[in-house]
Undergrad: 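Here it is, the structure, as structure tokens.
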Number of protein chains: 2
Amino acid sequence: MPLTNKPTAKQVAHAAGVSISAVSRAFSPNAPIDHQKRKRILAAAEAIGYVSPARRTAEIIAEGTITLVAGDLLNPFYPTVLDLLARRVQESGRQLVVYALPANSDVDAATDQILASRPSAVIVTSAQLTSKMARACRQHQIKVVLLNRVQRDIRINAVACDNYQGGRDVGRLLLERGHRKIGFIGGVANTSTHAERARGFREVLAEAGVRIHAQALGDFEYPGGYRAGQALLSMNDPPGAIFCCNDIMALALIDVARERGIRVPDDLAVVGFDDIPMASWNAYRLTTVRQPVELMVQEALSLIDDPNIKPTDDGITRMLTGSLTLRNSS
Amino acid sequence: MPLTNKPTAKQVAHAAGVSISAVSRAFSPNAPIDHQKRKRILAAAEAIGYVSPARRTAEIIAEGTITLVAGDLLNPFYPTVLDLLARRVQESGRQLVVYALPANSDVDAATDQILASRPSAVIVTSAQLTSKMARACRQHQIKVVLLNRVQRDIRINAVACDNYQGGRDVGRLLLERGHRKIGFIGGVANTSTHAERARGFREVLAEAGVRIHAQALGDFEYPGGYRAGQALLSMNDPPGAIFCCNDIMALALIDVARERGIRVPDDLAVVGFDDIPMASWNAYRLTTVRQPVELMVQEALSLIDDPNIKPTDDGITRMLTGSLTLRNSS
DNA sequence: AGCGGCATTGAAAATTTTTCACTTTCTCGA
DNA sequence: TCGAGAAAGTGAAAAATTTTCAATGCCGCT
């Protein structure tokens, strides 16, 4: 028995009841070995804490990778995020892997695949981080950052726009403009984005003794926003102002108004949230809360690069202030 | 001297005038070795064709990577492409690396970084492939596919929508609708996308004895399309139909028309190219040529996965037919 | 000038990977 | 069904690589 306590392939061979060359084969991607035996050997190696030198080199090289797990790449908000994030990651000599979560799917099914290549960090956006994945990342010393999202059920790093404050800003604006019959089009009810924007908005109205006059859910998408807009503008006593908790739904609402001869903002003020590029198009000129995308990307990478923040730590949340961007829709 | 001709670290040590352990250190990312000596050893190793087992394992694992090099992630056409591509790549057990080219920058500066991790394939989109990068990919046995682009100066694999045929389809449609004062808003003059769409359009008009009544360039972006639209609609004798060689510019043109009280399509027919999601919004209902995105992604991956197509081959071009998508703008 | 700390280095020890002969299993054709 | 050949898997041993450790050189400080 050697005096050193550093795990060796010999110990793994003994624990798994195979030869040393089988252990070497199990760690070599192309080497012929029975699939079940490979699994057994790798499990024994993990229990002992052994990684072959070849595999260790591959993992050190993979530490130059950050993986973005995205639940909604089709949302027009994300090209800007992705472009910025990719460029910042590259500038630091690293590479960005993009993993698109299939619709109606959570990260559990993808955890093994995402972590197989041992990225140095994982950024999750427009998706729910599960406790299984959080645990697996901690076990492999991989930092996780939620981007544009906050979760209360898991202690994890997060960078997000202050949706609550943004909702308050919108409420205040509409009250200042004299509106009292105020509507609200929400996104998806059990998401923090919807909840926080709605909560801030509602509280400011309530502080002024105003209740939401009418509301509907729009699924954060154009068709949903269109339907919700139709419902609200079909009322006998329709609202004179509507806050949509994202821009796409606000643009759809403006299209509904236009089709009904309702003038924006004279007959109906419309406010969105995000400041996607289309919000500034002349057809819309949408007043909206601009998310601080540059700062969000920068802060996410700062959390990842901060040596004092460990993958096993409880997590830090950084809320960044959005800015009300006034255009013609209000 | 062993009878086998497989390169060894011993040969590299001899060629570089160092010890065998220095060779091992040169291939180990964290090992202490003088920087210049490391470069010298790695150069000698490359000349001999030697790669250490550890480094080879890292490269084999990296063969599970496809890198997308993108010149314009902000274009609303690309979220769909990216989402589809990422999902197809994942489904085959691989990962997608995204490299965003900085504006006004070509792939030469990024070649070393892109190829350092030895992806199994590189897909280039909205960017010009340079001969330096083509050569480097061939040398490292990495397949390259141009996506949504064709280049004449380099023999390389390419998958693209048949822009020429799409331009012809648009020309035919406008002629059938009785238009004779026909305008054209182009993108960027020295891009194949612009040139082929323009060429097909022009030829169909010429075959009917019609010349383009008015034209301008719009940079493939909303502000440029808006300016071009203003120029054309300010004419004494403005066109009654305009083909914009991408959708964004067509949407901007529709905004200009609306602001001037010009009814679309009664006073001005507008046709775009791409079928981005915004084209179907009720504010626009744009007639456009839909790019076959699903098929393009599928064909690009087919080229990559076809064992009969070698990285050093001359290249195959697959042109896929777009489909005219009729909406209210025409 | 001397000492300590750090970086680098090659020889040698330790470890890992590859080779090769052997065994077992699978496939195909008669 | 049977037999031959091919393919897959295996461990022992040879070959190759990685790690260890002692030595050297350099730098900064007292």
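Convention: sequence-line order gives letters A, B, ...; per-chain numbering from 1.
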Undergrad: Taking protein heavy atoms under 4.0 Å as touching, what does nucleotides 21-28 of chain D look like 5' to 3' if B marks base contact, S marks sugar-phosphate-only contact and - marks none?
TA: B-------
Undergrad: State, to 0.1 Å, how close B:Ala127 and B:Leu101 come at their nearest heavy-atom pair, and which atoms those are.
TA: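 Reported closest heavy-atom pair: CB-CD1, 3.5 Å.
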Undergrad: Taking 4.0 Å as the cut-off, does a side-chain nitrogen or oxygen of A:Arg38 come that near to OP1 or OP2 on D:dT10?
TA: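 No, no such contact exists.
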Undergrad: Does the side chain of A:Tyr50 get closer than 4.0 angstrom to OP1 or OP2 of C:dT15 through an N or O atom?
TA: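 No, no such contact exists.
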Undergrad: Take the protein atom CD1 of A:Ile48 and the nucleotide atom P of C:dT15, then report the distance between them rounded to whole Å.
TA: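 Spelled out: CD1 on A:Ile48 to P on C:dT15 is 14 Å.
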Undergrad: Does D:dA16 have OP1 or OP2 under 4.0 Å away from a side-chain N or O of B:Lys10?
TA: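 Indeed not, no polar side-chain atom of B:Lys10 lies that close.
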Undergrad: Let's see if you can work this out: which of D:dG9, C:dT16, C:dG10 has an atom nearest to the side-chain heavy atoms of B:Ala22?
TA: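 From the listed options, C:dG10 comes nearest.
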Undergrad: Can you tell me how far P of D:dT18 sits from CD1 of B:Ile33, to the nearest Å?
TA: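 So the two atoms are 12 Å apart, to the nearest Å.
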Undergrad: Sequence neighbours left out, what pairs pass ring-ring contact (aromatic ring centres under 6.0 Å, His included) with at least one residue falling in residues 299-320 of chain B?
TA: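 For residues 299-320 of chain B: none.
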Undergrad: Nearest to the side chain of A:Ser24, which nucleotide is it out of C:dT17, D:dT10, C:dA11?
TA: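 Nucleotide nearest to A:Ser24's side chain: C:dT17.
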Undergrad: Nearest-Å distance, CZ (A:Arg55) to P (D:dT18)?
TA: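 About 15 Å, once rounded to whole Å.
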Undergrad: Where is the tightest heavy-atom contact between B:Ala13 and B:Ile20, given as atom of each residue plus distance?
TA: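 Closest approach of B:Ala13 to B:Ile20, heavy atoms only: CB-N, 3.9 Å.
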Undergrad: Considering only residues two or more places apart or on different chains, which pairs with a residue in residues 77-123 of chain B satisfy ring-ring contact (aromatic ring centres under 6.0 Å, His included)?
TA: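 Qualifying pairs, neighbours excluded: none.
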Undergrad: Got a sec, which pairs hit ring-ring contact (aromatic ring centres under 6.0 Å, His included) with one end in residues 130-152 of chain B, sequence neighbours left out?
TA: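 For residues 130-152 of chain B: none.
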Undergrad: Under the side-chain hydrogen bond (donor to acceptor under 3.5 Å, both in side chains) test, which residues partner A:Arg149, sequence neighbours left out?
TA: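 Testing A:Arg149 for side-chain hydrogen bond (donor to acceptor under 3.5 Å, both in side chains), a comparison that skips the adjacent residues, returns A:Gln128.
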Undergrad: Between the protein and nucleotides 24-27 of chain C, which nitrogen or oxygen pairs come in under 3.5 angstrom?
TA:
none

Undergrad: Enumerate the salt bridge (Lys or Arg N to Asp or Glu O under 4.0 Å) contacts for residues 129-146 of chain A, please, sequence neighbours excluded, ordered by first and then second residue.
TA: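 Residue pairs with at least one partner in residues 129-146 of chain A: there are none.
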Undergrad: Determine the contact category for A:Arg56: base if any of its heavy atoms lies under 4.0 Å from a base atom, sugar-phosphate if only primed atoms, P, OP1 or OP2 are that close, otherwise nothing.
TA: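 The answer is sugar-phosphate, as A:Arg56 gets under 4.0 Å only of primed atoms, P, OP1 or OP2.
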Undergrad: Under the ring-ring contact (aromatic ring centres under 6.0 Å, His included) rule, what pairs show up with a residue in residues 16-47 of chain B, not counting sequence neighbours?
TA: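 Non-adjacent pairs meeting ring-ring contact (aromatic ring centres under 6.0 Å, His included): B:Phe27-B:Tyr50.
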Undergrad: To the nearest Å, give me how far apart CD1 (A:Ile41) and C1' (D:dG9) are.
TA: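 That distance rounds to 11 Å.
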Undergrad: End-to-end bend of the helix from C:dA1-D:dT30 to C:dA30-D:dT1 (five-pair axes, 10° rounding)?
TA: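 Axis-to-axis angle, ends of the helix: 30°.
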Undergrad: Return each pair, listed once, that meets side chain to side chain donor-acceptor pair (under 3.5 Å) where at least one residue sits in residues 84-93 of chain B; pairs must be two or more places apart or across chains.
TA: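 Sorted pair list: B:Asp83-B:Arg87, B:Arg88-B:Glu91, B:Ser92-B:Arg94.
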Undergrad: Which nucleotide in the list C:dT17, D:dG9, C:dA11 gets nearest to the side chain of A:Ala54?
TA: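 For A:Ala54, the side-chain atoms sit closest to C:dT17.
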Undergrad: Hey, can you pull the donor-acceptor pairs under 3.5 Å for the side chains in residues 311-320 of chain B, sequence neighbours left out?
TA:
residue	atom	partner	partner atom	Å
B:Asp313	OD2	B:Lys310	N	2.9
B:Asp314	OD2	B:Arg155	NH1	3.0
B:Arg318	NH1	B:Glu299	OE1	2.7

Undergrad: Just distance, no hydrogens or angles: give the donor-acceptor pairs under 3.5 Å from side chains in residues 62-70 of chain B, sequence neighbours left out.
TA:
residue	atom	partner	partner atom	Å
B:Thr65	OG1	B:Ala62	O	3.3
B:Thr65	OG1	B:Gln95	NE2	3.4

Undergrad: Just how far, in rounded Å, is C1' of D:dT18 from CD1 of A:Ile60?
TA: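 That distance rounds to 13 Å.
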Undergrad: Can you identify which nucleotide, out of C:dT17, C:dT18, D:dA16, has its nearest atom closest to the A:Ile20 side chain?
TA: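 Nearest to the side-chain atoms of A:Ile20, counting from C-beta on, is C:dT17.
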Undergrad: Does the side-chain hydrogen bond (donor to acceptor under 3.5 Å, both in side chains) test come out yes or no for A:Asp153 and A:Gln151, once each step is laid out?
TA: CA-CA 6 Å; A:Asp153 54 324; A:Gln151 276 180 246; 3.1 Å; yes
Undergrad: Check whether any side-chain nitrogen or oxygen of A:Lys6 sits under 4.0 Å from OP1 or OP2 of C:dT15, and answer yes or no.
TA: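 For A:Lys6, the contact criterion (side-chain N or O under 4.0 Å from OP1 or OP2 of C:dT15) is not met.
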Undergrad: Can you check the A:Asp34 CG to D:dG11 P distance for me, whole Å?
TA: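 Atom CG in A:Asp34 sits about 11 Å away from atom P in D:dG11.
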Undergrad: Answer yes or no: are there more than 12 heavy-atom neighbours, outside A:Gln141 itself, under 6.0 Å from its atom CD?
TA: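 Above 12, so yes.
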Undergrad: Return the nearest nucleotide to the side chain of B:Ser21; candidates are D:dG11, D:dT19, D:dT18.
TA: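 Ranking D:dG11, D:dT19, D:dT18 by closest atom to the B:Ser21 side chain puts D:dT19 first.
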Undergrad: Rounded to whole angstroms, how far apart are CD on A:Gln11 and P on C:dA14?
TA: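 Atom CD in A:Gln11 sits about 15 Å away from atom P in C:dA14.
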Undergrad: Counting side-chain heavy atoms from C-beta on, which of D:dT19, C:dA11, D:dT18 comes nearest to B:Pro53?
TA: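 Looking only at heavy atoms from C-beta outward on B:Pro53, the closest nucleotide is D:dT18.
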Undergrad: Specify the separation, in whole Å, of atom CZ of A:Phe27 and atom P of C:dT15.
TA: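 It is 16 Å, rounded to the nearest whole Å.
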